[in-house]
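Below is one structure, written out as C-alpha cells, with a few remarks after it.
Reminder, nothing fancy here: chain letters follow the sequence lines and each chain counts from 1. The model shown is predicted, which means the values in this text are computed figures rather than measured ones.
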Amino acid sequence: MRQRPPTQHLKEQTMSEVRLRFPPSPTGYLHIGGARTAIYNWLFAKKHNGKLVLRIEDTDAERSTQESIDGIIDGLTWLGITWDEGPYFQTEFAADHAAAAQKMLDSGDAYKCFCTVEELEAKREAAQAAKLDFKYDKTCRNLSAAEVAAKEAAGIPYVIRFKVPEQEGAVVFEDAVYGRIERKYRDIEDFVIVRSNGKPLYLLCNVVDDIRDRISHIVRGQDGLANTPRQILIYQALGAKLPIFAHMPLTLDLQKRKISKRSHGEIVAVQYYREIGFLPWGLINFLVLLGWSSGDDREFFSEAELLEAFSLDGISRSNSIFNYKKDDPKFITDPKALSINGHYLQTIAIEELAGLVKPFLQKAQIWDDAYEAGRRDWFLQTLGLIRERYYTLVDFTTLGRAYFADDFEVEERAIEKNITKNPQLVEWLPLLADRFAALADYNKETVEQAARALAEELGIKPGILINGARTVTTGCLAGPGMFEVLETLGKERVTSRLRNVAKLFA
RNA sequence: GUCCCCGUCGUCUAGCCAGGUCCAGGACACCGGCCUUUCACGCCGGCAGCACGGGUUCGAAUCCCGUCGGGGACGCCA
C-alpha cells in the first residue's frame, strides 16, 4: 500500500448528516465478506453519530428469497450490528426508479435504444473476433424524435441508455481509500439503465435509492469501484450531491479467488461461525482486522475502543486472504480467527460465558438444569478451569465433554502416550482410585498428597499416574492442572473412571 | 482483449504520503528452551518478508520508470 489519501473531504462531510447503508441482495445467506462490509458501515455510522440504513436489494426476483432475507437479518442480529432505518426493500421503490429514468429521458441525459439483444450479441462477437474492445456503437443515440415515435408506434421494444458525454475529460472522484480515481468519458459506454421490460437496472436503482435515503458515505467492496464513474454520471444527471465513496479491499481465498457462497460453502457463512461456537464479537474483531488496521499494534478491541480507533484511513488497499485449508481438520477456519475468538472466550466474564455455553451443552444433550441452580458454583468454576485452552464454544462439548457426561471419547494419542506405554497402569490406576475413595476430605490438596504418596510407594514418577489419570478421567492429552481437574470432576466420577482403565487396553 | 486497482514474513499487518532512527516491527501459525519430580497454560527465544530490474540520491521498503505477478470491472445480474 502506498500513501494515505487526503482526508480533508471527510472532515467537511462530517459537518452534515452522516448516513450509511448496507444493501445486501438476498440471494444467499450472509457471508463474511458482506458481514465485513456491514461492520465497516456500522462502525463509521456509529462513530460519527450517523445512521445506518438496511436496504434489501431484491430487484432480482428470480434469485431473491425470503429465506435469504431472514438469514441476513438473523446474521446481522447475531453479530450485534444494529441499523437505524429499514429494512427497506428496493422493489417498493419502483416508482422512484421509473421517475428517475423518465427525468433523464426528459433532460436528454438518456435515450431509448431499439437495438435487439441479438444485434448486440452479434456485434459483440464480431468485436471479440477482431480482438477489439466492444462498446455500444450508439446506433440509437441520435435517432430523431420522429424516428423514435415511429419505432414506438410499431411496438418495437426498447431499453433506456444513459447518454455519456461525448467530450474530452473524465469522471474524477476522490475515493476515501484509493485516492483520486479517473475514468475517461470515452472509456465509458452508453450503458443501459432500464431493461426492455421496463425494469430498471441495479446501477440506476442503487443510485436513486442512495439519493432518496440521503446516503452521505458509501462504503462497499472494491468490486464497486469500476461502477462508480457510471453512478456518478447518474448522480450528476439527477442533480444530486455526490456522497463520499470508500472502497474496501476484497477478501480472497488462498488461491486468490474471491470468496463466495457458491465456491466456498458454509465456511464463509456467518451462520457457520455461530454454529461452531464463535462469540459474535470474536468474529467482528477478526473481520474488522481483515483489511483494516488501527495503525498501532493493537489487535483486541472492545466496542468502545474500536469506535474510537476506526477510521476509513486505516483501510488497506490491497486484497486480503482468508486463510483456511479446506481438507485440514485443524483449520476449521482461519487460525487467526480462532485465536481471536479464543482470547474472548478466555477473558469474558464467567457468568456471561455460562450463558453462551448453555445452548451448546443443551444441543449436545449434556446440559443439566442444576447448573443454574444447586450446581451453579460448580458449573462456573469448571468453566473457568477448562476454558483456558478452548477456542470455540463447541470445545466445551467435545474437549470438555468429560466434565459434563460419562460417555466421552478418549483421544487415541493420549492412550498411546499415557496408558499403553505403561501396562501396569491397569493395576495402578484402580489402586489410585482406592486411595481417593478412602479420602475423608476429597480436594485438590488431599488428592495430590495421595497420588504422590502412591507414586513413591510404587517407585514410579508421579507423572505416570498423573498423566494416566488425565487420560482416563478427561479423555484428553492436555488440560488444566490435574489436581484441580480431579477435584472438579468429583470423587465418584474420578474413582469409577480410574477403575475402568482396563477397557482402554482392549 | 480493453479500462482500473493492488504487490512487506505461510497468513493478517506496521513502516511508505513528509527517504536516513528499518541488516524492516507486531500478531497468528510453526519450531526450540524454561517452568511443571504432569500434559498444557504462561514466559523466553527462533524460523521467515520489502515481487524483479533500472533510475534519482551520500543514502530507497519508502520517490520515478519499466517488467512480472495478482485482483476487479467490462451484461437488458445485483
Next on the checklist: Using the rule side chain to side chain contact (heavy atoms under 4.5 Å, CB included), only one of A:Ile32, A:Val270, A:Ile340 pairs with A:Leu287; which is it?
Outcome noted: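 When side chain to side chain contact (heavy atoms under 4.5 Å, CB included) is applied between A:Leu287 and each of A:Ile32, A:Val270, A:Ile340, only A:Ile32 qualifies.
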Expressed in angstrom and rounded to an integer, what is the separation of [X] atom [atom1] from [N] atom [atom2]?
| X | N | atom1 | atom2 | value |
| --- | --- | --- | --- | --- |
| A:Asp296 | B:rA27 | CG | P | 13 Å |
| A:Glu299 | B:rC12 | CD | C1' | 8 Å |
| A:Ile321 | B:rC6 | CD1 | P | 17 Å |

Checklist entry - For the side chain of A:Lys256, counting heavy atoms from C-beta on, which of B:rA40, B:rG71, B:rC12 is nearest? => result B:rG71
Checklist entry - Side chain of A:Asp187: nearest nucleotide among B:rU13, B:rC3, B:rU11? => result B:rC3
Students often get this wrong, so: under 4.0 angstrom with heavy atoms, is [X] touching a base, only sugar-phosphate, or nothing?
| X | value |
| --- | --- |
| A:Gly221 | nothing |
| A:Pro480 | base |
| A:Leu477 | base |

Item to check | Position toward the 5' end of RNA chain B (nearest nucleotide), A:Lys184 or A:Ser293 | outcome: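 By nearest-heavy-atom nucleotide position, the 5'-most residue is A:Lys184.
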Next on the checklist: Nearest heavy atom decides the nucleotide; on that basis, is A:Trp292 or A:Arg389 closer to the 5' end of RNA chain B?
Outcome noted: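 Here A:Trp292 is the residue nearer the 5' end.
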Could you pull out the protein-nucleic contacts involving nucleotides 48-51 of chain B (nitrogen or oxygen on both sides, under 3.5 Å)?
none

Checklist entry - Charged N to carboxylate O below 4.0 Å: is that the case for A:Arg298 and A:Glu305? => result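 Judged by the 4.0 Å cut-off on N to carboxylate O distance, A:Arg298 and A:Glu305 do not form a salt bridge.
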Checklist entry - Taking the inter-plane angle between the rings of A:Tyr235 and A:Phe245 on a 0 to 90° scale, is it parallel (under 30°), tilted (30 to 60°) or perpendicular (over 60°)? => result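 The arrangement is perpendicular - the two ring planes meet at more than 60°.
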Next on the checklist: So for A:Lys336 and B:rA27, does any side-chain atom that can act as donor or acceptor lie under 3.5 Å from a complementary atom in the base?
Outcome noted: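 Pair found.
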Checklist entry - How does protein contact run along nucleotides 73-78 of chain B, one letter per nucleotide 5' to 3', with B for base contact, S for sugar-phosphate only, - for none, heavy atoms under 4.0 Å? => result S-SBBB
Item to check | P gap between B:rU62 and B:rA51, integer Å | outcome: 8 Å
Checklist entry - What integer number of Å spans the C1' atoms of B:rC65 and B:rG25? => result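 Their C1' atoms lie roughly 30 Å apart.
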Checklist outcome for this item: Using Watson-Crick geometry (N1-N3 plus N6-O4 or O6-N4) or G-U wobble (N1-O2, O6-N3), each under 3.5 Å, B:rC68 is paired with B:rG7
